[in-house]
2 protein chains.
Amino acid sequence: MPKRENISMSVIRRLPRYYRFLNQLKRDGVTRISSTELSAKLGLTASQIRQDLNCFGGFGQQGYGYIVEQLAAEIGRILGVAHNYRTVLFGAGNLGRAIAAHMDFEELGFELIGIFDNAPQKVGTVIRGMEVLNTASFEDFCKDNKPEMAALCIPRTAVEATVDRLYPLGIHSYWNFSHYDITMKYPDAVVENVHLNDSLLTLCYRISNNPEASHEPTKK
Amino acid sequence: MPKRENISMSVIRRLPRYYRFLNQLKRDGVTRISSTELSAKLGLTASQIRQDLNCFGGFGQQGYGYIVEQLAAEIGRILGVAHNYRTVLFGAGNLGRAIAAHMDFEELGFELIGIFDNAPQKVGTVIRGMEVLNTASFEDFCKDNKPEMAALCIPRTAVEATVDRLYPLGIHSYWNFSHYDITMKYPDAVVENVHLNDSLLTLCYRISNNPEASHEPTKK
DNA sequence: TAGATTGTTAATCGATTAACAATC
DNA sequence: TAGATTGTTAATCGATTAACAATC
């Protein structure tokens, strides 16, 4: 296996996009592509794409380009999509239910094996054909199922106690939708944050500071 | 009003975090803070915080630091949280309903004024005390309500046609949850993407390539 | 005044882009 | 072989960090 020592987050965050595009090309029946063609479709430079890919190995062929199917497979392997990490979801509120129902966990390297909530009125309800379990039973659940990742769709105030409980059970990876900063207390944890509030605020900033802003319908 | 010409996205994406922390400090009764104290709480360097703030003006006082309440207000003003941009939500599926119910639009510079969906079985249902309207009635709705932003919780395949419809109605800002790239066709549009799939894939990468990975419960 | 901390300039670091030799 | 395009090194650009003079 190739180099891959100190890949920067900038590179890592581009990989899913490459993966998505290549799979689309594959479905469209495209068999080969050059970095220049790919860069036009993605709005990047060809140089950057070649640099990014060469962090992991030489997947192309001089004078020819890249074989779409092969490159998609390589990136899939790099991302680890075949791992199917056993995943539990904490929080069956609006957001948790949407995430459970909406995400294609299986295509993205994860397998959703359990949904947990504290609230008695949520326990027993069914999401995506899966019964919401009581958080109280989580230790028992772990004995049989050994989850590896937890998606946290719970309030900020509940996250610390939840991670304190999950971390010693071997769950060291978190997809975190709250603004609680898990890595402050658990620097070894692998944490991916989704900060919807921050995302919306940056949009607000950019609307407010957009010189093009017209806020007026196009005149006919 | 101060400088503010060419603020980089790196800086803009840190502003919501500053804003959140400062509001928390305010609630905690903290009245003043130095860049060094703030940097410790945020896990950044003091230098970076001062550089960031000085993109917008000198909000501090030498030898003293920053007045929490005042700085929070300044950043709020910079972000534009008081604008309450009139917002419509397209798509009342799992994700759309969760976004409608879960987000505090009002605190984040937006006001949700309408939810739209094509599906007859969704039209008329109520989310957050708001009736889902038929997309067919959107032009009429615009005459009275003049929305400025659209949150798009619709399938990727529906986005192009939707933006083709909304853009001429004066809606040039989008909070986009699909993987359709709006700026390719509308380079002037202000677009904030939330790519949940990409987020999950980067987590997968980092779990797969984490040298610390044990995937084993802590021994007692 | 002395101490502290900002605002700002300069130095460093990292990421992107350009260039080109290697090679299919 | 000639043409094309990669892999990779070098140059540029931008972002972060360090240093310190200004000043409260």
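In what follows, every chain begins at residue 1, and chains take the letters A, B, ... in the order their sequences are listed.
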Checklist entry - Ignoring hydrogens and angles, are the base of C:dA15 and the side chain of A:S10 linked by a donor-acceptor pair under 3.5 Å? => result no
Checklist entry - For the pair made of CG in B:L53 and P in D:dT16, what is the distance, rounded to whole Å? => result 14 Å
Next on the checklist: Closest approach to the side chain of A:Q61, judged atom by atom: which nucleotide of D:dT6, C:dT6, C:dC24 is it?
Outcome noted: C:dC24
Next on the checklist: Is the ring pair B:H179/B:H195 parallel, tilted or perpendicular, if the boundaries are 30 and 60 degrees?
Outcome noted: tilted
Checklist outcome for this item: Using Watson-Crick geometry (N1-N3 plus N6-O4 or O6-N4) or G-U wobble (N1-O2, O6-N3), each under 3.5 Å, D:dC20 is paired with C:dG7
Checklist entry - Between B:S35 and C:dT6, does any side-chain N or O lie under 4.0 Å from OP1 or OP2? => result yes
Checklist entry - Which class fits the ring pair A:Y85 and A:H83: parallel under 30°, tilted 30 to 60°, perpendicular over 60°? => result parallel
Item to check | Atom-pair distance (CG on A:N54; P on C:dT16), nearest Å | outcome: 15 Å
Checklist entry - Could you state the CG-P distance from B:D52 to C:dG7, rounded to the nearest angstrom? => result 12 Å
Next on the checklist: Between the base of C:dA18 and the side chain of A:S47, is there a donor and acceptor pair under 3.5 angstrom?
Outcome noted: yes
Checklist outcome for this item: Here the distance between atom P of C:dT6 and atom CD1 of B:I67, to the nearest Å, is 12 Å
Checklist entry - How close or far is atom C1' of C:dT5 from atom CG of B:L71, stated in whole angstroms? => result 14 Å
Checklist outcome for this item: Under a 3.5 Å limit on both distances, the Watson-Crick or wobble mate of D:dT12 is C:dA15
Next on the checklist: I'd like to know if the side chain of A:T45 pairs up with that of A:Q48 as donor and acceptor (distance under 3.5 Å, no hydrogens or angles considered).
Outcome noted: no
Next on the checklist: Pair A:E148, A:R86 - check salt bridge (Lys or Arg N to Asp or Glu O under 4.0 Å), show working.
Outcome noted: CA-CA 5 Å; A:E148 294 149 309; A:R86 289 181 297 279; 3.7 Å; yes
Checklist entry - Quick one: B:R14 CZ to D:dT16 C1', roughly how many Å, whole number? => result 8 Å
Next on the checklist: Could you tell me how far apart B:Y66 (OH) and D:dC24 (P) are, to the nearest whole angstrom?
Outcome noted: 14 Å
Checklist entry - Can you tell me how far C1' of C:dC20 sits from CD of A:Q62, to the nearest Å? => result 12 Å
Checklist entry - Is there a side-chain polar atom (N or O) of B:R50 under 4.0 Å from OP1 or OP2 of C:dT6? => result yes
Checklist entry - Hey, what's the ring geometry for A:Y205 with B:F56, parallel, tilted or perpendicular (30° and 60° as the breaks)? => result perpendicular
Checklist entry - Side-chain N or O of A:Q48 less than 4.0 angstrom from OP1 or OP2 on C:dT16? => result yes
Next on the checklist: Both B:T36 and B:Q51 contact DNA chain C. Which one's nearest nucleotide lies toward the 5' end?
Outcome noted: B:T36
